[in-house]
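Have a look at the structure below before the remarks.
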There are 2 protein chains.
Amino acid sequence: MATIYEVSELAGVSLATVSRVMNKNAKVSEKTRDKVLAAMKELDYKPNTIARSLASNRSDSVGILVSELRGLFYSQIMSGIEEVLRASEKHVIIAAGHSKETEEIDGIEFLISRRCDALILHVESVSDDYLIELSKGPVPFVLINRHIPEISARCVSLDNEQGGYLSAKALLESGHRDIAYISGPLWKMDANERFKGHQRALAEFGAHYDETLFFEGDYAETSGEEGLSQLLNQNKKFTGLVCANDYMASGAMSKAREHQLDLPADLSIVGFDNIIFASHLYPKLSTVNYPLDQMAKATANWVLKTVYNQKIEKVQNLFQPEFIERDSVVPVQRR
Amino acid sequence: MATIYEVSELAGVSLATVSRVMNKNAKVSEKTRDKVLAAMKELDYKPNTIARSLASNRSDSVGILVSELRGLFYSQIMSGIEEVLRASEKHVIIAAGHSKETEEIDGIEFLISRRCDALILHVESVSDDYLIELSKGPVPFVLINRHIPEISARCVSLDNEQGGYLSAKALLESGHRDIAYISGPLWKMDANERFKGHQRALAEFGAHYDETLFFEGDYAETSGEEGLSQLLNQNKKFTGLVCANDYMASGAMSKAREHQLDLPADLSIVGFDNIIFASHLYPKLSTVNYPLDQMAKATANWVLKTVYNQKIEKVQNLFQPEFIERDSVVPVQRR
DNA sequence: CAGAAACTTCGTAAATGGTTGCCATAAATT
DNA sequence: AATTTATGGCAACCATTTACGAAGTTTCTG
């Protein structure tokens, strides 16, 4: 592969000059520039990004750490970020943390050792303290979907508590009082907050929270199925079900039909996240919108602004959920 | 950030020795190793991957180019690859090509300039010739979901024609003869081949192919909706519908219900890809399985074998689709 | 048991492919 | 002719790897 040295030789100029025409900062006469450009073309020269990073201590790439690479949720984060970063000619290096502390730390260290200019992290297992400590280090980062008061300027998050509140409220306003809940893993902040919001809504409407109508899932569809089975097997009556995400809601819907329930008449269901498939389920799933795409873009803008000094208006830190009404909730049926 | 130099100083050894203990290849006495390790720990030393790549001309990272970062299809590719590569301590750099030639070339060049040890490409717009030319260059790559005879050893692909055949056959065997088709963009190889397989099945069963019962979509759900609307508006009878992927099938199902069709009695539908949501649609979507996860892993194994010289049994190149029977196809109804 | 041979273990120094501050030169301006 | 100014070159530097060779240590041989 051709090097800058060969280019300079062919063009009859010095190394520095070639470098200058690549990084348009310094002035180079038009004639010289043309010679250099021609030489580059002739040699099919591709600058060695690695060498460039080493010398300039800049990599023009930002590291992203997500829990999983698979699934609609994370792919939305990645694609939102990539879109805005790419437009500014920054690139993206991705690692997966698999929601485990060691792997998350591993991933972060890898990204740092790769000399990313900044990191965008979706981490769930690493402690607040670790992140606060990390924030004192040399590598800037933003958090997505997590809020830590001490470093709140670096956090882009959703008001999950309010989201939990809204989803329960939708059911309550339709007259439901016996409401089951399929939760995400409670050690995850978002699951925890959603559940808190749920309880707040119940309290506000004077509905009793029945702790036997609770199932802690893991956010995967299968745990929605499992959760509904268990809830049903108790032979306790409930007319409404809130699931802490759409995946589980979808699993629960499948399972409900296996149990010969007529949806939505026999059971009103609400989800959370508003993934694209929510509107293609039958009945179309009412859910809480998670403006993940905007949030992902916000983190990317944070990086552009903070790290690359682009002039960008203020980056929004806290986003609000919104209830999306579709067909899966109906007024409670009199019997 | 601490450098290898500081470590060598603190440990009282030379640079080379420190390097040796990191890359366990050369021999170092235990005493020396311990001193070095202790120094590293004390300084919280993290090797600079960038400098390492430059010097060793190896980056331990492989570049992935997919069309989109978003969606179940691509996230499955990425996650399959990452899983096997990560297990061998290789890392992953991702770029998106957005199905456009310039962006795909751009992405490839970026990954090369980043000195990836190998590339795994899901490209749709770039020409065969470009890829054949690229294969003569210094950077090894595999193609996923594309077959080019001249470089078939570097291709991991699905027999899409056979898949198209299977999906039509399922409908035909249930007695359907009036079958509509919602295609992917025909300039994409896979869409093209699926459609060919479809026609082969029709011919084999002596069913007439009616070209007015054809709609060319773009693989997104919305084009499934649009497609079904148009097909329906023609007031031509059809009892079966094959969609070239599950996303479009899902869109078509939503739209069918808007038109008051009773699924599956009024219309039998089959999809393609077997994305995870296919089994959560109602009725559960019969579809053709695309063993994408295995294929993604196969490409990663190709890299491990070819580039990193790991001993791996033969990597499978051509994968076979398989029909997955669920609830969306029923025997044609007599009227 | 001395001395040679053969290993081990470790240090020196030259890459790797760029960036960039500083200085020199040539051209342009007054 | 003197002073600016626009260009371009030199060389140091970025943090590693690695070929080569120099000690030091062990084993072998007569």
Round to a whole Å and report the spacing from [atom1] of [X] to [atom2] of [N].
X	N	atom1	atom2	result
A:Asn57	C:dT19	CG	P	13 Å
A:Arg115	C:dG17	CZ	P	20 Å
A:Tyr5	C:dT16	OH	C1'	15 Å
A:Asp60	C:dG18	CG	P	15 Å

Would you say the side-chain atoms of [X] and [Y] include a donor-acceptor pair closer than 3.5 Å?
X	Y	answer
B:Asn145	B:Tyr290	yes
A:Glu68	B:Ser79	no
A:Ser75	B:Ser75	no
B:Asn23	B:Arg52	yes

Do the side chains of [Y] and [X] get nearer than 4.5 Å, heavy atoms only?
X	Y	answer
A:Asn48	A:Thr3	no
A:Ser125	A:His98	no
A:Phe319	A:Ser157	no

Any sub-3.5 Å donor-acceptor pair from [X]'s side-chain atoms to [Y]'s backbone N or O?
X	Y	value
B:Thr306	B:Trp302	yes
A:Ser152	A:Ile148	no
B:Asp117	B:Ser59	yes

Over all strands shown, is [X] touching base, sugar-phosphate only, or nothing at heavy-atom distances under 4.0 angstrom?
X	result
B:Asn23	sugar-phosphate
B:Ser29	sugar-phosphate
A:Val18	nothing

Quiz item: Between A:Val28 and A:Leu15, which has a closest nucleotide on DNA chain D that is more 5'?
Solution: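 Of the two residues, A:Val28 wins.
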Quiz prompt | Degree of bending in the helix from C:dC1-D:dG30 to C:dT30-D:dA1 once both end axes are built from five pairs, to 10° | solution =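 What I find for the helix from C:dC1-D:dG30 to C:dT30-D:dA1 is an axis angle of 40°.
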Quiz item: Going by number, which of residues 39-55 of chain B have a non-hydrogen atom under 4.0 Å from DNA chain D?
Solution: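 DNA chain D contact set from residues 39-55 of chain B: B:Tyr45, B:Lys46, B:Pro47, B:Asn48, B:Ala51, B:Arg52, B:Ala55.
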Exercise. Using the six-membered ring wherever Trp is involved, compare the ring planes of B:His91 and A:Phe110 and label them parallel, tilted or perpendicular (cut-offs 30° and 60°).
Key: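 Rings of B:His91 and A:Phe110: parallel, as their planes differ by under 30°.
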Quiz item: Considering only heavy atoms and no angle criterion, is a donor-acceptor pair shorter than 3.5 Å present between the side chain of B:Arg20 and the base of C:dG11?
Solution: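 Counting by modelled atom types and ignoring angles, a donor-acceptor contact under 3.5 Å is found here.
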Quiz prompt | First-last contacting nucleotides on DNA chain D - partner chain A, under 4.0 angstrom, heavy atom | solution =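 Extent of the interface on DNA chain D: D:dT7 to D:dA15.
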Quiz prompt | Nearest-nucleotide 5' precedence on DNA chain C, B:Ser56 against A:Arg58 | solution =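 Closer to the 5' end of DNA chain C: B:Ser56.
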